[in-house]
Peer 1: 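Take this structure, written in structure tokens, and hold onto it; I'll ask about it next.
These numbers come from the heavy atoms of this one structure, side chains and all, not from hydrogens, waters or symmetry mates. Proteins get letters first, then strands, A, B, ... in listed order; numbering begins at 1 in each.
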Amino acid sequence: MTGTRRPRTTPRRVAPTALLVAATVALAGCATPLPEPAPEPVGAVPPPAVTVDQTQRVLASVNEVLTAADSTRDPAGLPARLAGPALATRTAEYVWAGATGGARVPTALPLDEQALVVPETATWPRTQLVVTEQPDDLQAPRVLVLQQASPREPYKLWGWARLLQGVQMPATAAPEEGSPELPADAGDLLVPPSEVGPRYADVLTSGEASAHAATFAPDSFRAAIEKARGDTVATLGEAATLAETYAAAPAPVVALATVDGGALVVTEMTTTSTVSVTAPGGTVSVEPFYAALAGGATTASSLSRVFTDVLVVYVPPAGSGAQAQVLAAEHTVTSATAQ
Amino acid sequence: MLKRLVVALVGVVGVVVIALGVASATLWRADDVLVATVSADEHLVVTDPGVLELAATEVTIRVEADDDQPVVLAVGRDTDVTGWVGADPHQRVTGLAGWHELAVEDGPTPAPAEAEAPAEGEAPAEGEAPAEGEAPAEGEAPADDTAGAPADAAATPAPEDEAAAPVPNPAGSDLWVAEASGTGSVELTWTAQPGRWSVLAAGTGEATPRLSLAWPQVVTTPWLVPCVAVGSLLLLTALALLARDVLRGRRRPEQDWTPVLTGPLPVVDADGTAVQLTRRQMRELQARGAVADAGVRAARDESTPAADVTHTGPGTPTAGVPAAPASRRALRGSDRGTSTPPAATTAQPPAGTTARPPASSAAGRPPAARPSAAGQPPAAGQPPAAGQPPAAGQPPAAAHGRPATRPGAPTPEAHAARPAWLAGGSTPGRPGAPSPGPTAPAGAPGPGTPRPSGPSTSSASRPAPSRPATTGPATTGPATTGPATTGPSAGGPSAPARPPGAPRGWTPVPPPPGPVVRSSRGPGHPDAARPGGSHAPQTPSAPGGAHAPGAHGAPGARPVWLRDAPPAPPSPDAPGGSRADAWRRAWGLPPLPTDGDDATTDREEDR
């Protein structure tokens with residue numbers, strides 16, 4: 001009797017339980033939750049604006065454009081990858097090359113990077129520096145300035161400058177990490193970035209008499225400028241006068257922090273050199289190159305040459321006792337006016 | 001049937017569980033590649049950071065567009081992508097909406113200026129103007145005029161946008177870390193990198209892009225093993241239960257037969273003391289029983305052959321339970337027997353055991369009592385001199401009575417013996433009384449009333465004896481009371497049988513009151529006792545028995561109790577015979593008068 005009764009009660013309990021278990025199992029099997037996106041948190045500082053690969057791609061692209069333009073000396077294609085002083089300089093060089101019949105070749109621009117200084121930024125414009133390898137002819141390495149003005153524009157070669165003799169690049173962060181971009185009025189530097197250009201211009205203008213002469217360490221660029229100026233003055237003698245003005249851009253292109261707390265400041269400067277014949281009726285013969293720039297005039301009583309300068313200056317942190325140092329500079333005639 | 005149904009149900013559940021487990025690993029197994037797709041409403045689709053790494057570190061991104069329209073696919077930092085997209089209308093993929101569907105949100109609404117620009121470009125068309133919110137009130141003409149100026153500026157790019165590409169082409173931007181472009185469909189494989197990355201999918205043609213992300217994934221089947229295991233367990237359990245049920249069903253017919261074991265059987269050794277069977281002996285016995293299946297097994301139905309009952313009744317069945325008590329009693333009995341034997345012995349061989357008399361204080365009386373007792377019997381006319389005469393040596397009397405009866409029919413012995421033994425009160429159990437018949441003749445004469453046998457007869461008979469011997473009453477009193485008490489117990493069941501023998505048999509039984517008897521015997525009743533002791537009558541049947549019985553009086557009683565273990569040894573003839581007879585009866589063999597040898601062999605066999 002009991003033998004038959006037991007099975008009766010247990011099955012009634014077992015059946016629903018088994019069903020419940022089966023249902024649970026079945027449902028649980030399908031219950032895997034949808035994966036949720038788990039992005040990395042936004043960093044405290046923006047990531048480096050570009051990767052090394054991207055920079056190399058940009059450089060390759062720039063190289064293509066330059067090579068194409070150099071072969072024909074046709075600046076038409078340059079704007080695709082060149083802008084600002086670089087575009088002006090290259091265009092002038094083509095003119096000069098044309099004027100000299102190819103005797104004077106455009107500046108060699110090696111595009112293999114030796115070092116990258118990449119900004120940490122998520123905004124535009126973005127500017128990075130590329131220190132290139134030494135060219136084949138043992139010229140000084142170039143410092144290329146690549147800039148992306150807006151998101152949908154490509155990086156363009158904004159300018160270049162050759163490293164000066166006897167200088168050493170300050171240590172900068174690795175390109176994978178990126179270097180912080182400093183505001184133009186950063187206060188913890190020997191010289192605020194926005195003041196670097198004007199003060200250096202003042203030094204160039206006034207020489208040792210400048211109030212900022214002590215700010216900048218002596219450099220070959222300044223020496224060259226002064227020497228050229230002196231030579232010109234000597235050459236002209238009494239016949240003409242030379243007036244040179246140095247005008248720095250109101251704001252630096254970029255200021256990137258260095259490892260030691262200083263900054264690399266890239267700024268543009270315009271040098272206007274005007275030769276005026278003092279003797280009435282006197283004229284100066286204009287060189288073909290300048291004539292080409294000036295529209296073909298061969299003689300003039302007054303000739304103004306405009307140099308476009310690109311300066312890369314290292315500004316030490318405030319209170320370090322060091323002087324600001326011009327690391328690289330380019331001084332190229334980009335236009336001329338004959339009167 | 002219900003049981004089987006339930007078992008079958010369990011089996012079915014097991015199968016279902018197994019099926020579920022297998023299905024989870026096959027039918028419902030997730031694809032090796034998780035593909036999620038979305039068709040965009042806008043030409044630009046951007047994924048939020050993290051979506052690319054949603055399900056795996058490697059993702060294959062595919063963008064398709066209808067009609068082989070150009071599509072572009074680009075991967076870049078989220079800041080770059082969003083910077084590039086800017087304020088253009090676009091959609092953001094925020095994650096998964098389902099296992100095969102990407103969740104999409106509309107990007108920030110485009111700046112109104114941009115929204116209107118294209119509208120104004122079209123505005124020159126007459127129809128469009130009213131549609132514009134501002135224009136309608138002012139009318140078409142002014143709208144055209146005002147729009148005219150900017151329209152020129154916007155007109156130039158607008159037509160181009162409309163005609164050429166509704167969205168600028170992201171292809172070729174320096175921002176992208178990886179990109180692909182083509183027509184119809186483009187695919188790109190992206191391996192996760194540190195950082196936040198987004199995908200920009202653009203349909204640069206007329207068509208909007210369809211974006212699909214495919215992640216290879218490691219598909220696990222965590223339910224397969226547990227489900228199959230549990231299911232198998234259930235299934236096997238069900239099968240086992242079912243099998244058992246079926247087998248039982250087949251065996252059922254045999255189930256009616258249950259082996260019956262007799263349990264431990266007491267044996268009395270030569271000394272008359274009960275001996276418990278050793279385990280080994282029991283085992284052997286059991287084995288025997290097993291071998292002799294048919295004989296040992298008893299049908300459950302009690303309606304089965306009476307033969308069995310009869311056999312088992314006396315021997316095994318009742319023995320099983322009562323055996324223990326019986327044995328105990330037997331032991332006690334034996335104790336008593338040992339004590340009583342003296343009485344018996346004294347009673348019979350009073351002469352020999354003159355020493356005992358001392359025990360009885362009322363030496364003089366007893367004799368008187370006995371004589372009276374002895375005399376009564378005769379007076380009572382109880383012919384069976386054997387039974388009553390032995391008033392003093394009642395035990396012997398009983399014993400003798402049995403032997404006497406045995407010859408005729410072994411059964412009587414039991415009854416005769418019981419009374420003596422049952423003094424303890426086990427008589428009721430021995431309904432074997434039926435056989436009283438034989439004894440009855442002996443006892444019947446005396447007491448006409450069978451039942452009162454115990455008490456009444458005793459009272460009747462005793463009173464008489466006791467009275468005659470006034471002194472006796474006191475002593476006899478106890479004696480009578482003894483019988484009387486026993487009487488009641490025996491009264492019910494065995495009453496009918498005993499009544500006859502009881503009066504005398506009972507009176508004698510009182511051997512307990514032995515003292516009295518002894519005293520009486522001591523005096524010199526021996527003679528009287530002996531003569532009246534019915535030795536004469538008995539002797540005939542068992543000549544040597546006279547003496548032997550006396551000695552074995554007690555033992556003789558035991559055999560009756562032990563039934564199974566007859567105290568044959570002492571009296572080979574009677575006891576052995578009885579035991580053998582019982583055995584033979586049990587085995588359905590004709591009773592054979594056998595010698596002591598046979599008896600011993602029988603006994604051995606029994607064991």
Peer 1: Select one option (side chain, backbone, both, neither) describing which atoms of B:Thr82 are under 4.5 Å from chain A's heavy atoms.
Peer 2: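 Neither the backbone nor the side chain of B:Thr82 comes within 4.5 Å of chain A.
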
Peer 1: What part of B:Pro222 gets within 4.5 angstrom of chain A, counting heavy atoms only: side chain, backbone, both, or neither?
Peer 2: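 Neither; nothing under 4.5 Å.
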
Peer 1: Show the nearest heavy-atom pair for residues A:Pro151 and B:Ser173, with the distance to one decimal.
Peer 2: O-OG, 4.1 Å

Peer 1: Side chain of A:Glu36, backbone of B:Gly95: donor and acceptor closer than 3.5 Å?
Peer 2: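 Pair absent, no side-chain N/O of A:Glu36 close to backbone of B:Gly95.
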
Peer 1: Testing the basics here: between B:Pro49 and A:Pro39, what is the closest heavy-atom pair and its distance to 0.1 Å?
Peer 2: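 Answer, listing the atom of B:Pro49 first, then A:Pro39: O-CB, 3.1 Å.
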
Peer 1: A:Pro41 versus chain B, heavy atoms under 4.5 Å apart: side chain, backbone, both or neither?
Peer 2: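 Contact with chain B: backbone only.
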
Peer 1: Applying side-chain contact (heavy atoms from CB on, under 4.5 Å), run through B:Gln193 and A:Thr51 and close with a yes or a no.
Peer 2: CA-CA 12 Å; B:Gln193 297 177 10; A:Thr51 63; over 6 Å; no

Peer 1: Show the nearest heavy-atom pair for residues A:Glu40 and B:Gly195, with the distance to one decimal.
Peer 2: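 Shortest heavy-atom contact: OE2-N, 2.9 Å.
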
Peer 1: For A:Val42 and B:Arg196, work out which heavy atoms get closest and say how close.
Peer 2: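 Heavy atoms only, the tightest pair is CG2-CZ, 3.2 Å.
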
Peer 1: Any idea which heavy atoms bring A:Ala22 and B:Val17 closest together, and the distance?
Peer 2: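 In terms of heavy atoms, the two residues are closest at CB-CG2, 4.4 Å.
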
Peer 1: Given that the side chain runs from C-beta out, which part of B:Val85 has a heavy atom under 4.5 Å from chain A: side chain, backbone, both or neither?
Peer 2: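 For B:Val85, backbone heavy atoms alone lie under 4.5 Å from chain A.
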
Peer 1: Report the C-alpha distance between A:Arg126 and B:Asp80 in whole Å, list the side-chain angles of each, state the deciding distance to 0.1 Å, and finish with yes or no for side-chain contact (heavy atoms from CB on, under 4.5 Å).
Peer 2: CA-CA 11 Å; A:Arg126 296 172 171 178; B:Asp80 293 352; 2.9 Å; yes

Peer 1: With a 4.5 Å limit on heavy-atom distance, are the side chains of B:Glu53 and A:Pro37 in contact?
Peer 2: no

Peer 1: Need one label for B:Asp48: side chain, backbone, both or neither, based on atoms under 4.5 Å from any heavy atom in chain A.
Peer 2: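 Neither the backbone nor the side chain of B:Asp48 comes within 4.5 Å of chain A.
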
Peer 1: Can you find a heavy atom in the side chain of B:Glu101 that is under 4.5 Å from one in the side chain of A:Leu34?
Peer 2: no

Peer 1: So which residue, B:Ala23, B:Gly98, B:Gly76, ends up with the most heavy-atom pairs under 4.5 Å with chain A?
Peer 2: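 Most pairs with chain A among the choices: B:Gly98.
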
Peer 1: Once rounded to the nearest 0.5 Å, what's the spacing between atom CZ of A:Arg152 and atom CG of B:Asp174?
Peer 2: 15.0 Å

Peer 1: Between CD of A:Glu153 and CH2 of B:Trp84, what distance do you get to the nearest 0.5 Å?
Peer 2: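 With rounding to 0.5 Å, CD (A:Glu153) is 13.0 Å from CH2 (B:Trp84).
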
Peer 1: Relative to chain A, which segment of B:Val13 carries a heavy atom at a distance below 4.5 Å: side chain, backbone, both, or neither?
Peer 2: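 Just its side chain gets close to chain A.
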
Peer 1: Measuring heavy-atom distances to chain B, does A:Gln148 have an atom under 4.5 Å in its side chain, in its backbone, in both, or in neither?
Peer 2: side chain

Peer 1: Between B:Ala103 and chain A, which part of the residue has a heavy atom less than 4.5 Å away: side chain, backbone, both or neither?
Peer 2: neither

